[in-house]
Protein chains: 2
Amino acid sequence: MAQAIRLHQVKSPLKASCQQCSLSNLCLPLAIEDNDLERLEDIVQQGRIFNRGEHIFDQSTQFRSCFAVKSGSVKTSIITEGGEEQVTGFFMPGELIGLDSMSGDHYACTAKALERTSVCEFPVEKLEDLTGKIPGLQHHMYHLMSQEIQNSHQLTMLLSKNTAEERIAALLLSLSSRFQRRRMSGTNFSLPMPRNDIANFLGLAVETVSRVFTRFQNQGIIKARGREVELLDVEALQMVTRDFSRQGCQ
Amino acid sequence: MAQAIRLHQVKSPLKASCQQCSLSNLCLPLAIEDNDLERLEDIVQQGRIFNRGEHIFDQSTQFRSCFAVKSGSVKTSIITEGGEEQVTGFFMPGELIGLDSMSGDHYACTAKALERTSVCEFPVEKLEDLTGKIPGLQHHMYHLMSQEIQNSHQLTMLLSKNTAEERIAALLLSLSSRFQRRRMSGTNFSLPMPRNDIANFLGLAVETVSRVFTRFQNQGIIKARGREVELLDVEALQMVTRDFSRQGCQ
DNA sequence: GTATGCCATTGATATGAATCAACTTGGTCG
DNA sequence: CGACCAAGTTGATTCATATCAATGGCATAC
């Protein structure tokens with residue numbers, strides 16, 4: 001569990017170029033002006049690297065910054081006093097971590113690199129200054145936070161209304177579309193997280209996750225060997241997730 | 001959390017006094033300057049009244065404003081294409097609704113008055129303008145949205161790890177503390193929502209909610225007759241919710 | 001007063017997923 | 001190479017809660 005907390009100030013060699021970043025339209029507003037972008041670049045610390053298992057921050061860390069994932073992937077989770085863990089999200093390149101922590105002086109969750117991961121750091125103090133000056137950026141922050149709330153509500157719904165199969169199908173499809181957005185294969189990818197984290201995130205036991213994977217495989221919907229996954233029948237997966245929203249109606 | 005405004009309807013002009021509102025320190029930042037407060041009052045439309053069952057907005061409504069509950073209470077829920085409902089929250093006086101909708105052009109959920117309810121309306125466009133000019137207000141918005149994310153994560157955890165008893169105990173305690181904050185009794189209150197909504201919110205069947213209520217009652221922890229609830233043994237309730245966070249550890 | 005409906009409660013039964021318990025598989029290291 | 005450990009799979013059993021079904025208030029309407 002406990003890993004090195006790497007928050008030392010590696011002054012990034014590159015005062016970086018958000019412009020050149022292929023992910024910029026994900027973590028930044030599309031309509032941002034060039035000179036505004038420069039101001040953002042002024043406050044960003046780029047290129048922080050974390051190895052698999054390393055904490056980007058945890059709940060005992062003073063809240064200081066939000067982080068955008070550049071490459072790799074991150075899992076966030078809440079750990080109770082009892083030591084129980086609840087995974088609250090998986091973050092892929094272009095996604096912003098730490099929005100849930102902007103109301104306290106410590107981080108509200110723990111963020112751990114699932115693989116070798118690089119992130120950009122946005123010191124909140126400077127970020128708040130800047131969003132106060134650039135309306136488009138402020139709007140974007142509201143947008144992102146709002147989105148985060150919606151995502152969480154989606155998860156709530158998944159947990160409260162859906163079967164194990166539906167939850168897993170939904171996760172696979174979510175990952176698929178997020179890979180696709182990065183112009184990677186949406187049908188053939190490698191899960192960045194172990195079964196354990198999937199189970200925890202979806203409110204299931206590991207064994208159940210495993211069983212559903214093999215069931216899907218036997219039905220010819222997916223092919224899975226370890227973390228390598230191939231979606232053989234995306235439509236079938238979509239059917240699985242949708243069936244539940246049907247039954248309420250009619 | 002968010003809390004708002006309980007002004008007496010006597011005040012006729014729409015431009016009303018957030019200053020006089022006893023809830024102001026909840027929905028507004030504590031440190032806001034007097035003249036800034038006036039600017040906020042300029043954009044707020046106070047005193048909109050909704051009867052029980054009326055929609056403040058729904059998912060087909062163009063997103064325009066956030067709303068602070070002044071009196072009464074509101075339930076928000078997502079309704080799927082299939083017509084299935086997922087209650088995402090209950091909002092009491094001083095709490096702000098609509099933060100989850102700031103990323104689209106329509107509301108992300110449906111908000112329905114659980115009883116006769118009055119709200120203050122904050123047109124987002126004006127609100128964004130203003131938060132851009134008043135750093136404290138912007139900070140407060142971030143704070144509120146972040147809080148909302150955390151709340152949702154708490155709910156996620158509740159749904160994924162806790163038994164029916166634990167979920168219901170947690171809800172009762174949450175309501176209790178929110179009543180107390182308004183200087184009302186934290187042990188003797190009237191539930192604003194039917195069992196149905198409680199069940200939906202907590203991912204349970206109505207019958208289960210009912211059974212747990214009677215079980216708690218038989219154990220002498222609460223007294224409940226319809227919506228009237230009395231918490232007879234708050235500590236016992238807290239034990240119920242905590243037991244789970246223990247078992248993970250040691 | 002009785003009828004109509006909604007909401008809540010209670011009981012009997014069914015079931016999906018958790019839990020417990022082996023047993024693989026694959027990678028790492030001495 | 002074989003030992004070891006973590007991660008994943010599979011099977012047998014249990015359990016909490018859903019579901020189905022019926023009944024009991026308590027309003028409002030007639």
Side-chain angles (χ1 to χ4, degrees), chain A residues 1-3 51-53 75 84-87 112 114-115 158-171 190-219 222-229 240 243-244 247-248, chain B residues 51-53 75 84-87 112 114-115 158-172 190-219 222-229 240 243-244 247-248:
Chain A
M1 274 284 171
Q3 306 301 340
N51 288 316
R52 166 202 269 230
K75 122 183 143 176
E84 230 184 356
E85 179 179 18
Q86 171 67 52
V87 175
K112 197 176 185 178
L114 287 166
E115 54 194 314
L158 210 62
L159 294 184
S160 101
K161 299 237 187 315
N162 294 55
T163 64
E165 293 198 354
E166 289 160 350
R167 298 183 205 183
I168 288 172
L171 178 64
S190 176
L191 298 170
M193 73 295 283
R195 298 283 188 275
N196 217 331
D197 288 339
I198 294 179
N200 186 305
F201 179 63
L202 296 176
L204 299 168
V206 203
E207 295 93 326
T208 304
V209 173
S210 193
R211 276 185 253 268
V212 171
F213 267 80
T214 50
R215 216 175 303 157
F216 280 168
Q217 192 150 9
N218 292 339
Q219 292 167 2
I222 68 169
K223 212 175 98 183
R225 224 170 38 261
R227 296 197 179 182
E228 292 309 316
V229 175
V240 174
D243 277 343
F244 85 94
Q247 75 202 9
Chain B
N51 287 314
R52 167 203 268 229
K75 123 184 143 176
E84 230 184 355
E85 180 179 17
Q86 170 67 52
V87 175
K112 197 176 185 178
L114 288 166
E115 54 194 314
L158 210 62
L159 294 184
S160 101
K161 300 239 187 312
N162 293 51
T163 65
E165 294 199 352
E166 289 159 350
R167 298 182 206 184
I168 288 172
L171 178 63
L172 288 174
S190 175
L191 298 170
M193 73 295 282
R195 299 282 188 275
N196 217 330
D197 288 339
I198 295 179
N200 186 305
F201 180 63
L202 296 176
L204 298 169
V206 202
E207 295 93 328
T208 305
V209 173
S210 194
R211 277 185 251 267
V212 171
F213 267 78
T214 51
R215 216 177 301 156
F216 281 167
Q217 192 152 9
N218 293 338
Q219 293 167 1
I222 69 169
K223 211 176 98 182
R225 223 171 37 262
R227 295 197 180 181
E228 292 309 316
V229 175
V240 173
D243 277 343
F244 86 94
Q247 75 201 9

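Numbered from 1 within each chain, the chains take letters A, B, ... in sequence-line order.
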Separation of [X] atom [atom1] from [N] atom [atom2], in whole Å?
X	N	atom1	atom2	answer
B:R227	C:dA8	CZ	C1'	11 Å
A:E228	D:dG8	CD	P	13 Å
B:E166	D:dT17	CD	P	8 Å
A:L158	C:dA17	CG	C1'	15 Å
A:R167	C:dA17	CZ	P	7 Å

| task | Please check if atom CZ in B:R227 has more than 12 non-hydrogen atoms from other residues, nucleotides or ligands closer than 6.0 Å. | result | yes
| task | Could you give me the CA-CA distance, side-chain angles and deciding distance for A:L204 and A:I168, then say whether side chain to side chain contact (heavy atoms under 4.5 Å, CB included) is met? | result | CA-CA 10 Å; A:L204 299 168; A:I168 288 172; 4.1 Å; yes
| Are the charged groups of B:E85 and B:K75 less than 4.0 angstrom apart, N to O? | yes
| query | Looking at B:E84 and A:K161, does any basic side-chain N land under 4.0 Å from a carboxylate oxygen? | reply | no
Closest contact, heavy atoms only, [X] versus [Y]:
X	Y	result
B:V87	B:D197	CG2-O, 4.1 Å
B:E166	B:T163	OE1-N, 2.8 Å
B:L158	B:R167	O-NE, 3.6 Å

| task | Under 4.0 Å from any atom of DNA chain D, heavy atoms only: list the residues of residues 210-218 of chain B that qualify, in numerical order. | result | B:R211
| Contacts to DNA chain C from residues 190-200 of chain A, heavy-atom cutoff under 4.0 Å, which residues? | none
| query | Between A:V209 and B:R225, which has a closest nucleotide on DNA chain D that is more 5'? | reply | A:V209
| query | Under the 3.5 angstrom rule, does the side chain of A:R195 hit a backbone N or O of A:E207 as a donor-acceptor pair? | reply | no
| said: Heavy-atom nearest nucleotide on DNA chain C for A:T163 versus B:E207: which residue maps closer to 5'? | reply: B:E207
| request: When you get a sec, tell me which of C:dA8, D:dG8, C:dA17 is the closest nucleotide to the side chain of A:L204? | output: C:dA17
| task | Output the single nucleotide from C:dA17, D:dT17, D:dA18 whose closest atom is nearest the side chain of B:T208. | result | D:dA18
| said: Using side chain to side chain contact (heavy atoms under 4.5 Å, CB included), reason through A:Q86 and A:N200 one step at a time and then give a plain yes or no. | reply: CA-CA 6 Å; A:Q86 171 67 52; A:N200 186 305; 3.8 Å; yes
